Every structure is written in C-alpha cells, then in structure tokens.
Student: 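I have a structure here, written as structure tokens, and I will follow up with some questions on it.
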Amino acid sequence: MVDVTKIGGYFMPDKQAQNKSGTSDGSFGNILDQVRKNQTSQATETAPLGAPMPVQAGPDYQMMAAQQADKLLGLLEQYTSALENPDATLKSMDSMVNQMELEAATAKRVLSHVDANEGVGKIVNQAAVYASVEAFKFRRGDYV
C-alpha cells in the first residue's frame with residue numbers, strides 16, 4: 001500500500017519545508033495556536049492589564065432632572081394652595097414642607113450631573129431654590 005502522507009506535489013506540499021519556513025503545517029491545533037497568539041498580542045497592545053473597562057451608559061440625568069422638576073413644581077403648587085386655604089393649619093402643612101425639603105435636596109443631587117444654567121437644569125435649580133426658601137420661611141415662622 002502507498003503511504004499517502006509522503007506524497008508531495010501541488011496539493012500537499014512537503015511538511016518539513018513548511019515547518020522550516022516558520023509557517024504551520026495546516027493542522028487545526030497549529031492554526032488555533034497561531035490565532036490565540038495573535039489575539040493575545042493584539043489584546044496586550046490595545047488594552048494593558050491595568051486599563052479600566054469601558055464604562056456603560058448610565059442613567060439619563062436629563063430625564064431624572066425633568067421628573068424632579070415636575071415633583072417640585074407639583075409640591076410648590078400644593079403648598080401655594082394650602083397657604084391660600086384659610087382652613088389649612090400650619091401643623092397640617094408641616095408634612096408638605098418636609099417633603100419639599102426632601103425633594104429639593106434630591107434635586108440638588110441630580111443637578112450635580114446636569115448643567116444648572118441651561119435647559120431643564122435651570123428649571124430644577126430655580127424650583128429647588130424656591131422650595132428651600134419657602135421651607136426656610138415656613139420654619140422661621142413667617143406665616144404665623
């Protein structure tokens with residue numbers, strides 16, 4: 001019988017000649033090793049070991065600011081209605097003022113991620129300042 005692996009020629013080049021030239025012999029294991037070496041060298045060139053991972057998209061702070069502005073403006077509207085109502089007591093309004101202070105503090109945290117001088121940031125900033133001032137005036141006793 002003829003040993004097929006010893007047949008050279010156009011379709012099956014001599015393995016020893018290929019190995020001496022530095023190329024693989026075409027087996028799957030050798031090709032896989034070469035691909036792994038290439039990927040490893042590319043990975044070390046593009047991302048060193050100490051490099052931080054890419055940051056994923058975070059929350060939409062513009063949307064959060066708009067929602068916070070809506071909450072604050074709604075609370076301020078309720079507070080205005082309560083001040084105009086002669087039957088409302090200051091004791092009943094205290095929980096509303098506490099809520100305004102809480103929402104104003106939350107708005108200030110959201111503003112650290114949004115430009116407070118443009119767009120929705122400006123509205124949130126003005127609403128937070130107004131809510132803080134009204135809460136201060138309420139606590140000071142301006143409405144007694």
Side-chain angles (χ1 to χ4, degrees), residues 4-5 7-144:
V4 186
T5 58
I7 300 175
Y10 183 73
F11 293 106
M12 194 166 181
D14 187 19
K15 289 182 185 179
Q16 292 177 350
Q18 282 185 345
N19 287 337
K20 287 180 185 176
S21 67
T23 60
S24 69
D25 63 355
S27 71
F28 178 76
N30 290 336
I31 293 172
L32 182 62
D33 288 340
Q34 282 184 345
V35 169
R36 284 183 183 163
K37 286 179 189 176
N38 288 340
Q39 287 178 345
T40 304
S41 66
Q42 288 174 356
T44 56
E45 290 173 6
T46 57
L49 286 176
M53 296 298 291
V55 179
Q56 295 180 352
D60 184 9
Y61 290 110
Q62 293 288 334
M63 182 60 75
M64 290 172 66
Q67 291 171 346
Q68 195 62 37
D70 186 46
K71 285 181 189 179
L72 270 172
L73 293 174
L75 278 171
L76 288 169
E77 191 173 318
Q78 290 175 1
Y79 180 70
T80 303
S81 297
L83 284 175
E84 291 173 349
N85 184 0
D87 296 331
T89 64
L90 295 177
K91 188 173 185 177
S92 66
M93 292 173 39
D94 186 53
S95 63
M96 190 180 311
V97 171
N98 287 337
Q99 186 67 29
M100 281 186 349
E101 289 174 322
L102 179 69
E103 294 299 331
T106 303
K108 289 175 185 174
R109 284 193 300 267
V110 170
L111 280 175
S112 66
H113 301 286
V114 178
D115 185 11
N117 297 321
E118 292 184 10
V120 71
K122 189 173 185 177
I123 295 170
V124 173
N125 188 31
Q126 289 176 353
V129 168
Y130 188 69
S132 297
V133 168
E134 286 301 315
F136 178 76
K137 288 168 55 177
F138 181 83
R139 301 274 183 236
R140 188 172 61 185
D142 286 5
Y143 302 112
V144 176

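Note that this is a predicted model, so its numbers are computed, not measured.
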Student: Between I123 and A69, which heavy-atom pair has the shortest distance, and what is it?
Tutor: CG2-CB, 4.1 Å
Student: Please name the pair of heavy atoms, one in M100 and one in A131, separated by the smallest distance, quoted to 0.1 Å.
Tutor: CE-O, 3.9 Å
Student: Hey, mind stepping through D60 and M64 against side chain to side chain contact (heavy atoms under 4.5 Å, CB included) and telling me if it holds?
Tutor: CA-CA 6 Å; D60 184 9; M64 290 172 66; 6.0 Å; no
Student: Please name the pair of heavy atoms, one in A88 and one in A82, separated by the smallest distance, quoted to 0.1 Å.
Tutor: CB-O, 3.4 Å
Student: Rounded to the nearest 0.5 Å, what's the gap from CD on E101 to CZ on R139? Could you check?
Tutor: 4.5 Å
Student: To check you understand the geometry: which heavy-atom pair defines the closest contact between G121 and L111, and what is its length?
Tutor: O-CD2, 3.4 Å
Student: State the OH-CD distance between Y79 and E134, to the nearest 0.5 angstrom.
Tutor: 5.0 Å
Student: State the CG-CZ distance between L90 and F138, to the nearest 0.5 angstrom.
Tutor: 5.0 Å
Student: Between V124 and A107, which heavy-atom pair has the shortest distance, and what is it?
Tutor: CG1-CB, 3.7 Å
Student: Any chance you could measure Q78, atom CD, to L73, atom CG, to the nearest 0.5 Å?
Tutor: 11.5 Å
Student: If we count only N and O atoms by modelled type, under 3.5 Å, do the side chains of R109 and T106 hold a donor and an acceptor together?
Tutor: yes
Student: Between E103 (side chain only) and Q68 (backbone N and O only), is there a donor and an acceptor less than 3.5 Å apart?
Tutor: no
Student: Restricting to non-hydrogen atoms, name the atom on V114 and the atom on Q62 that form the minimum distance, rounded to 0.1 Å.
Tutor: CG1-NE2, 3.6 Å
